[in-house]
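Since the structure comes first, as structure tokens, the remarks are kept for the end.
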Amino acid sequence: MKGPILTATDIRVSFRKENQRRLFGRERQQVLRGISLALEEGECLGIIGESGSGKSTLGRVLCGLLKPEAGTVRINGLDIYGRHNHRENAQLHHSLSVVFQDYTSSANPRFRVRHIIGESLRVLERIVGSKLDRERRTAEVLEQVGLPSSFAARYPHELSGGQLQRVCIARALAIRPRIILLDEAISSLDASTQVQIMDLLLELRRSLGLSYLFITHDLTSITYLCDRVAFMNNGEIVERVDDIRHIAEIRHPYARLLLESVMGIGVEYGSGDNAQAQWAAAAAC
Ligand SMILES: Nc1ncnc2c1ncn2[C@@H]1O[C@H](COP(=O)(O)OP(=O)(O)OP(=O)(O)O)[C@@H](O)[C@H]1O
Ligand SMILES: [Mg+2]
């Protein structure tokens, strides 16, 4: 059996506390307190937690944007914060893409779609040191996310929220990553568009063999999309469910609270196909 595609070991991050009495105060807020996780090839791992629990900070560490004070992140065995030769560097940059929540600000309003998608291709060209057929690749990824290639000429304001988030997913796909990290990527969309985007993600996973790290505060979307879930609270993983079908068995008080709050609004709990059918039905209402 293959090893995990991504591992994080004992990740620790703290930030300097603001509003300290002394100008050069040294008090620090511990935001990640020794997080370890592994992402297997082709799986979707959900990371859930309340606001401020450290999810996005963890996401930034996992995608190479924030070097942790302690701990390691490895993709295919390569330490992403280590020193690498040119080939390894290119390999790492090919490995992981990110889709954020705020699709309106993550897509420059002055750029056409072809330019927005071309941005990540340009970065990749610099890293691998060779030219890519940007026009063809842009048309290809637009098709993969269910948009006509004519959308390449549109500006962000000429797209709906769902279409723009599809463009952001297309941008993430453009570099042919193995892993996509989605940080609250569907949270600002209405329920039926959320279902469409989650269906798209499931389809892309099937057709391209992608692995997802899916960060959210919404348990219902986790049961729709994910195979496993880790619950974060105050910078720690407080509970893990290694088979999403056993989600109802969670014990940690915080995880139970989340579960009950979802059940409380009348969602019958299921998982996999069952949860997907329930979501689709709810969204159609
Ligand atoms: N660059 C930074 N400097 C100082 N503090 C930070 C920084 N980034 C995050 N924090 C703090 O770290 C904590 C965790 O923030 P983070 O954005 O990771 O939470 P989150 O779980 O993603 O929350 P949300 O669900 O609201 O997006 C918060 O208290 C936040 O204020
Ligand atoms: Mg966040």
Side-chain angles (χ1 to χ4, degrees), residues 6 8-37 39 44-73 80-81 96-107 161 165 168-169 172 179-191 194 197-198 201 212-226 228-241 250 252-262 265:
L6 179 148
T9 313
D10 202 18
I11 302 296
R12 293 173 191 273
V13 169
S14 66
F15 294 114
R16 196 179 154 270
K17 275 193 181 164
E18 286 155 11
N19 304 328
Q20 296 184 36
R21 274 199 218 116
R22 286 184 300 135
L23 183 59
F24 299 105
R26 296 224 176 130
E27 263 187 86
R28 298 185 73 83
Q29 176 196 4
Q30 304 295 323
V31 174
L32 299 179
R33 304 160 184 264
I35 300 254
S36 298
L37 55 82
L39 177 72
C44 178
L45 172 64
I47 298 169
I48 188 166
E50 65 181 348
S51 183
S53 56
K55 304 181 297 296
S56 295
T57 306
L58 176 62
R60 287 170 62 213
V61 170
L62 297 180
C63 69
L65 290 174
L66 176 69
K67 187 172 193 263
E69 285 151 28
T72 49
V73 180
I80 66 169
Y81 294 103
L96 189 144
S97 281
V98 188
V99 180
F100 291 109
Q101 168 174 23
D102 196 356
Y103 48 85
T104 45
S105 68
S106 66
Q165 194 55 308
C168 292
I169 295 170
I179 306 167
I180 300 186
L181 186 147
L182 301 123
D183 186 352
E184 305 282 8
I186 60 166
S187 305
S188 350
L189 302 169
D190 66 61
Q194 283 188 354
I197 298 288
M198 288 194 290
L201 292 171
Y212 297 133
L213 284 160
F214 185 72
I215 295 176
T216 183
H217 59 269
D218 172 34
L219 192 55
T220 322
S221 56
I222 292 249
T223 59
Y224 195 90
L225 205 58
C226 300
R228 293 193 295 131
V229 57
F231 287 82
M232 275 186 72
N233 190 211
N234 197 19
E236 290 178 306
I237 293 181
V238 292
E239 179 140 10
R240 295 170 199 262
V241 177
I250 49 178
H252 189 276
Y254 167 71
R256 281 228 67 87
L257 200 68
L258 271 182
L259 184 64
E260 276 153 23
S261 71
V262 178
I265 58 167

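Counting convention: from 1, in listed order, for ligands and their atoms alike. It should be emphasised that the depicted structure is a prediction, and the values quoted were computed from it without experimental measurement.
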ask   = Are H217 and S51 close enough that some pair of their side-chain heavy atoms sits under 4.5 Å apart?
value = no
ask   = Does an N or O from F15, backbone or side chain, lie closer than 3.5 Å to an N or O of ligand 1?
value = no
inquiry  = Has R256 got a side-chain atom pairing as donor or acceptor with I250's backbone, closer than 3.5 angstrom?
reply    = yes
query = Is atom 31 (O) of ligand 1 less than 4.0 angstrom from at least one protein heavy atom?
reply = no
inquiry  = With heavy-atom distances below 4.5 Å as the criterion, would you say the side chains of S56 and F100 are in contact?
reply    = no
ask   = Counting each atom of ligand 1 from 1 as listed, which ones have a heavy atom of G54 under 4.0 Å away?
value = 14 (C), 18 (O), 19 (O), 20 (P), 21 (O)
inquiry  = Given K17, R16, K55, identify the one with the heavy atom nearest to atom 25 (O) of ligand 1.
reply    = K55
query = Does ligand 1 have any atom sitting under 4.0 Å from a heavy atom of Q29?
reply = yes
ask   = Touching ligand 1 at all, G49? Heavy atoms, strictly under 4.0 Å?
value = no
key: For atom 14 (C) of ligand 1, closest protein heavy-atom neighbour   = G52 O, 3.5 Å
ask   = Do V73 and I11 touch side chain to side chain, with heavy atoms closer than 4.5 Å?
value = yes
Matching residue for L32 among D10, L66, V13 - test: side chain to side chain contact (heavy atoms under 4.5 Å, CB included) = V13
note = Q194 and L189 have their tightest heavy-atom pair at NE2-O, 3.2 Å
message = Has Y254 got a side-chain atom pairing as donor or acceptor with E50's backbone, closer than 3.5 angstrom?
response = yes
query = L6 versus L45: any side-chain heavy-atom pair under 4.5 Å?
reply = no
Under the side-chain hydrogen bond (donor to acceptor under 3.5 Å, both in side chains) test, residues paired with R33 that sit two or more places apart = none
key: Top protein contact for atom 17 (O) of ligand 1, by heavy-atom distance   = S56 CB, 3.7 Å
query = Just which atoms of ligand 1 are under 4.0 Å from any heavy atom in E50?
reply = 21 (O)
query = If we only count heavy atoms from C-beta on, is the V241 to F231 side-chain gap below 4.5 Å?
reply = yes
request  = May I ask you to decide if E27's main-chain N or O and K17's side chain share a donor-acceptor pair within less than 3.5 Å?
outcome  = no
query = Leaving waters out, which protein N, O or S atoms fall under 2.8 Å from the Mg ion (ligand 2)?
reply = S56 OG
query = Is there a side-chain contact between Y212 and V99 (heavy atoms, below 4.5 Å)?
reply = no
request  = Select one of side chain, backbone, both or neither to describe which atoms of V31 lie under 4.0 Å from any atom of ligand 1, heavy atoms only.
outcome  = side chain
query = Is there at least one pair of N or O atoms, one from T57 and one from ligand 1, spaced under 3.5 Å apart?
reply = yes
request  = Among all protein heavy atoms, pick out the one at the shortest distance from atom 26 (O) of ligand 1; state its residue, atom name and that distance to 0.1 Å.
outcome  = S51 OG, 2.5 Å
